[in-house]
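Working notes for the structure below.
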Amino acid sequence: IPYIQPEVKRKYKPDFKIADDVYIECKGIFSLDDRKKMLLVKEQHPEKVFYLLFYNAYQKLRKGSKTTYAEWCEKHGFEYADWFRSGRSIPITWFNKNNKKETNNGN
């Protein structure tokens with residue numbers, strides 16, 4: 001039986017705003033709801049840049065999955081960093097004041 005889920009208006013508050021239209025979202029666990037939310041926010045706000053900082057970017061999306069958080073980001077055009085493997089630092093390039101959409105791998 002087909003049905004249409006009604007529109008639900010929501011608000012998203014990123015973890016950090018580092019410049020105009022540039023945000024960092026920090027994730028330990030990247031749930032299905034989080035992934036859906038990030039896709040919707042990116043789609044509806046193409047002028048903004050969203051970086052994803054993971055504790056472990058090479059963790060699988062779920063038990064039994066072959067896809068890692070990093071692979072999901074690459075597939076969907078999100079730049080990401082791995083907190084644990086990066087020596088617990090955030091890429092300095094993310095803080096570049098001119099870091100607009102055109103410098104985010106063209107995505």
Side-chain angles (χ1 to χ4, degrees):
I1 300 173
Y3 72 99
I4 297 172
Q5 184 174 359
E7 178 179 308
V8 177
K9 292 189 179 195
R10 299 189 181 273
K11 289 190 179 183
Y12 163 60
K13 183 175 181 184
D15 291 323
F16 301 99
K17 179 179 181 176
I18 58 173
D20 288 338
D21 295 331
V22 182
Y23 303 90
I24 297 176
E25 182 68 23
C26 301
K27 290 291 177 198
I29 295 173
F30 197 34
S31 69
L32 177 59
D33 286 342
D34 289 331
R35 296 190 304 270
K36 288 178 182 179
K37 172 183 64 181
M38 293 310 301
L39 289 173
L40 290 169
V41 170
K42 181 180 179 185
E43 176 186 311
Q44 295 171 27
H45 298 279
E47 75 285 0
K48 300 184 185 312
V49 176
F50 299 96
Y51 295 120
L52 296 174
L53 178 63
F54 297 108
Y55 180 75
N56 178 6
Y58 302 97
Q59 182 172 321
K60 304 294 183 182
L61 291 177
R62 64 184 181 288
K63 187 177 180 176
S65 176
K66 293 182 181 180
T67 306
T68 64
Y69 295 171
E71 291 167 334
W72 184 92
C73 286
E74 290 166 4
K75 177 181 178 182
H76 296 286
F78 285 93
E79 191 168 332
Y80 67 92
D82 185 295
W83 176 257
F84 184 73
R85 288 176 178 81
S86 68
R88 297 188 172 143
S89 63
I90 298 170
I92 194 72
T93 57
W94 289 6
F95 294 93
N96 181 343
K97 291 287 183 192
N98 297 319
N99 201 1
K100 293 292 182 188
K101 205 62 173 166
E102 61 272 10
T103 62
N104 190 20
N105 296 329
N107 296 319

Rounded distance [0.5 Å steps], [atom1] in [X] versus [atom2] in [Y]:
X: Asp82; Y: Arg88; atom1: CG; atom2: CZ; value: 10.5 Å
X: Ser31; Y: Arg62; atom1: OG; atom2: CZ; value: 12.5 Å
X: Met38; Y: Asp33; atom1: CE; atom2: CG; value: 13.5 Å
X: Thr68; Y: Lys75; atom1: OG1; atom2: NZ; value: 12.0 Å
X: Ile18; Y: Ile90; atom1: CD1; atom2: CD1; value: 8.0 Å

May I ask whether [X] and [Y] are part of the same hydrophobic cluster, defined by side-chain heavy atoms of I, L, V, M, F, W, Y residues being less than 4.5 angstrom apart, directly or through others?
X: Phe30; Y: Tyr12; answer: yes
X: Leu52; Y: Leu40; answer: no
X: Val22; Y: Phe95; answer: yes
X: Trp72; Y: Ile29; answer: yes
X: Tyr55; Y: Phe16; answer: yes

Next on the checklist: Tell me whether the rings of Tyr80 and Phe54 are parallel (<30°), tilted (30 to 60°) or perpendicular (>60°).
Outcome noted: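 Tilted, since the angle between the ring planes falls between 30° and 60°.
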Taking the side chain as every heavy atom from C-beta outward, state whether [X] and [Y] have any atom pair closer than 4.5 Å.
X: Arg85; Y: Asn56; result: yes
X: Lys48; Y: Tyr23; result: yes
X: Arg35; Y: Leu61; result: yes

Checklist entry - So does Ile92 have more than 12 non-hydrogen atoms from other groups sitting under 6.0 Å from CD1? => result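 Not more than 12 within 6.0 Å, no.
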Checklist entry - Which atom pair, heavy atoms only, marks the closest approach of His76 to Lys42? => result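 In this case the closest contact between His76 and Lys42 is O-NZ, 2.6 Å.
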Next on the checklist: If you compare all heavy atoms of Lys13 against all heavy atoms of Glu25, which two are closest, and at what distance to 0.1 Å?
Outcome noted: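 In terms of heavy atoms, the two residues are closest at O-OE1, 4.4 Å.
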Next on the checklist: Could you walk me through whether Tyr69 and Gln59 satisfy the side-chain hydrogen bond (donor to acceptor under 3.5 Å, both in side chains) test, starting with their C-alpha distance in whole Å, then the side-chain angles of each, then the deciding distance to 0.1 Å, before giving a yes or no?
Outcome noted: CA-CA 6 Å; Tyr69 295 171; Gln59 182 172 321; 3.0 Å; yes
Item to check | N/O donor-acceptor pair under 3.5 Å between Lys27 side chain and Asp34 backbone | outcome: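 No; zero donor-acceptor contacts below 3.5 Å.
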